[in-house]
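Labels below follow one simple rule: chain letters A, B, ... track the order of the sequence lines, proteins then strands, and each chain is numbered from 1.
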Protein chains: 4
Amino acid sequence: MEARRAILDAAITLISERGYANVTIEAIAASAGVGKTTIYRWWSSKGDLALEAINDRVGEAIDFPDTGDISADLRRQLLEVARLLDGEIGVLFRGIVAEAQSTPTVGAALLDTIIEPRTRACEARLAKAVDDGQLRPDVATRMMVELIYAPLYYRLLFKTDPARPRDIALLLDYTLSGLRPVPATD
Amino acid sequence: MEARRAILDAAITLISERGYANVTIEAIAASAGVGKTTIYRWWSSKGDLALEAINDRVGEAIDFPDTGDISADLRRQLLEVARLLDGEIGVLFRGIVAEAQSTPTVGAALLDTIIEPRTRACEARLAKAVDDGQLRPDVATRMMVELIYAPLYYRLLFKTDPARPRDIALLLDYTLSGLRPVPATD
Amino acid sequence: MEARRAILDAAITLISERGYANVTIEAIAASAGVGKTTIYRWWSSKGDLALEAINDRVGEAIDFPDTGDISADLRRQLLEVARLLDGEIGVLFRGIVAEAQSTPTVGAALLDTIIEPRTRACEARLAKAVDDGQLRPDVATRMMVELIYAPLYYRLLFKTDPARPRDIALLLDYTLSGLRPVPATD
Amino acid sequence: MEARRAILDAAITLISERGYANVTIEAIAASAGVGKTTIYRWWSSKGDLALEAINDRVGEAIDFPDTGDISADLRRQLLEVARLLDGEIGVLFRGIVAEAQSTPTVGAALLDTIIEPRTRACEARLAKAVDDGQLRPDVATRMMVELIYAPLYYRLLFKTDPARPRDIALLLDYTLSGLRPVPATD
DNA sequence: CAGTAACCGAGACGGTACGTCGTGTCTTCTT
DNA sequence: AAGAAGACACGACGTACCGTCTCGGTTACTG
């Protein structure tokens, strides 16, 4: 079982150093001091391994804060996510998204183990804000999640430069101003 | 020169059928009835070829309509883009984005030849809408573009199911309501 | 100790079914319902195991008959050996000879435990025949053994079809006619 | 085509140095400065390659001399063969025979390309000797070949030490004395 | 209108990595 | 305490493509 640990660590290190596509299973095995067979015993592909590695790193983390102010809470959460994506995790994540484009199983696992759980958690917090009258009740929370997070991924996948905190805060502000309850204009 | 055509056509056909990552240069050559050398004579890599193929297909297309109503114009434009991404082009595009994650030259070319030009065109239309008083003047048009298009790419890259027209219209509405000029509340 | 039996039996069965080279230690272990470790505890290699298996099967068997007629005795012995080599034992034996070509220890053990003892026994019978005046006294009994048995092995190793009894009898006759005492011709 | 040459040479060198079973295709490729693919392009297996290598080395060689004296001719021929088998070729040949025990195609090819042609040539010379009254007409020439050559292979495959010229001459003498025409004893 | 270049198909080539199999060693858990 | 079960590092397998490289055999341009 300690072989698993060595493999996950080696995978993260190598991928963050050289980029997902430039890392071979053989290199991970060598770097972990492990036979290739041992990797294939536990994971069916590089994508599979990368997914577990990223989940292992991120864990249950990034639970949603709830101070009562949805705007402040989302900002804090988004900045935290952006910080993560700016480091090792970001390289890993970009690789997995790339892999997901051509490997359906990885695509499905990406949704199931990463995107969906966090989307759900976010929706819960948003629903509360709707109840509090801080957000429009007529917009599906799922769509709110998309509107809020999409720009972050857009920057991650299309730009080389990371999303700066200032920009993130602004993008969030603009998005939220479209999601606030319309003042009763009687 | 007709070899070029055959190659571009074969590339699009094969990639849309099997997915970007499952297509080899050799397969393209064979399918185009061409020697590998001929492909390498004109393109330096599969990503390079795919980029030209997609540009060849899409062309200058999708110029921004201007009826005076920014909301209607954007909707039309977005729906058109979504329609494109739902077919052959979408598969190709997803492959290129994937490739871009690990091949800097492809990433740069993706920005230069696809993203940037269209972003510029969109910004121009948005600037006009700002002048017309239909959009807030205090938001950078570049950010508006991100807010408007990001959800589309989010769906393309993370979901298996395509973005439905209804959803697209809604997402746009919500986004735009955050970008409208704030009524003087004196 | 019953594990040993199961292993030897499994080895013979598998090898005679699939051929020596197509049988792995793992397959023998699985078929014997035994852990690999148990095999390695007692034998150092597949060749080693095969050698013991064949000796176990053949045992002390094939002792040389002595009716007083060397020709008849050899014929009976040769036919018996040929019969053995035509069944399971033959497949095993061919595998061991093959192995012996590249594994010196197996080569040595093949000589020590199989070839030599039987050669000695044969020489003893031949020496008696020489004393009886049935064979030339000026030919080393060891060479006689070679002349008598070599054709049998030649057929075993080079031909797919087994040596037929008729052929064996003939070959022996021809060989022996060269080994009979030269009649005093003066 | 010069890759083929390099491969055949490397195969012979390596096999004669380390023994057939201890040489891998990868080692041959590396030693020949060639990709594995190139080997597999031309040969289907190590046995296949070894067979061509040995034929390439031996060539049409070893044609049967005909001085009119069958005994002298065979002796010369046998000594020549023994000389060959004592060097590089012998190691190669033992490996091929071993391989032939478990690989039917190699077994067949061994017969077809090496054993059979030479057996035929030998039979032709023997037939002539029969006509000349030097050998018994009632023994199939094919059997004569077996009787004459079998001891050579016996020594090659079962002993580590090579067959010495003196022994070979003796063995041949004894064999031939059984094959000479029986003097009319009426 | 012949000569010569550019372009092409075909595919051999040296490589790298793949995912699998079997080896012989070792540890763990069961009985 | 013995032994099955199987994880493990390792090395080789045979395959798939990579990108480079000759090879001949066309067009089609030019001198």
Atom [atom1] of [X] to atom [atom2] of [N]: distance rounded to whole Å?
| X | N | atom1 | atom2 | result |
| --- | --- | --- | --- | --- |
| A/R5 | F/dC8 | CZ | C1' | 18 Å |
| B/R4 | E/dG9 | CZ | P | 13 Å |
| D/L49 | F/dG14 | CG | C1' | 15 Å |
| B/W42 | F/dG19 | CH2 | C1' | 18 Å |
| B/I7 | E/dC8 | CD1 | C1' | 10 Å |
| C/I39 | F/dA4 | CD1 | C1' | 12 Å |
| C/L14 | E/dG22 | CG | P | 13 Å |
| A/W43 | E/dG19 | CH2 | P | 15 Å |

Beyond-backbone contact of A/D48 with A/V106, side-chain heavy atoms, under 4.5 angstrom: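 Not touching, per the 4.5 Å side-chain cut-off.
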
Non-hydrogen side-chain atoms of D/R57 and D/I12 separated by less than 4.5 Å: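 They are in contact (side-chain heavy atoms under 4.5 Å apart), so the answer is yes.
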
Pairs involving residues 91-112 of chain C, ordered by first then second residue, that meet ring pair (Phe, Tyr, Trp, His ring centres under 6.0 Å) (sequence neighbours left out):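 Those involving residues 91-112 of chain C are C/F93-C/Y153.
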
Within residues 99-109 of chain A: residues closer than 4.0 Å to DNA chain F (heavy atoms):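 By residue number: none to list.
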
Qualifying side-chain hydrogen bond (donor to acceptor under 3.5 Å, both in side chains) pairs with a residue from residues 10-21 of chain A, counting only residues at least two apart or across chains: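 For residues 10-21 of chain A, and leaving out neighbouring residues, the side-chain hydrogen bond (donor to acceptor under 3.5 Å, both in side chains) pairs sorted by first residue read A/Y20-A/E99.
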
Residues that A/D56 engages under side chain to side chain contact (heavy atoms under 4.5 Å, CB included), provided they are two or more places apart: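 Side chain to side chain contact (heavy atoms under 4.5 Å, CB included) list for A/D56, sorted by chain: A/R5, A/L8.
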
By side chain to side chain contact (heavy atoms under 4.5 Å, CB included) - contacts of A/T113 (at least two apart):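 So A/T113 forms a side chain to side chain contact (heavy atoms under 4.5 Å, CB included) with A/L51, A/N55.
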
Under 3.5 Å, which protein N or O atoms sit close to an N or O of nucleotides 14-18 of chain E? Give each pair with its distance.
{"unit_1": "E/dG14", "atom_1": "OP1", "unit_2": "D/G33", "atom_2": "O", "d": "3.3"}
{"unit_1": "E/dG14", "atom_1": "OP2", "unit_2": "D/G35", "atom_2": "N", "d": "3.3"}
{"unit_1": "E/dG14", "atom_1": "OP2", "unit_2": "D/T38", "atom_2": "OG1", "d": "2.9"}
{"unit_1": "E/dG15", "atom_1": "O6", "unit_2": "D/T37", "atom_2": "OG1", "d": "2.5"}
{"unit_1": "E/dC18", "atom_1": "OP1", "unit_2": "A/I25", "atom_2": "N", "d": "2.9"}
{"unit_1": "E/dC18", "atom_1": "OP2", "unit_2": "A/I25", "atom_2": "N", "d": "3.4"}
{"unit_1": "E/dC18", "atom_1": "OP2", "unit_2": "A/E26", "atom_2": "N", "d": "3.1"}

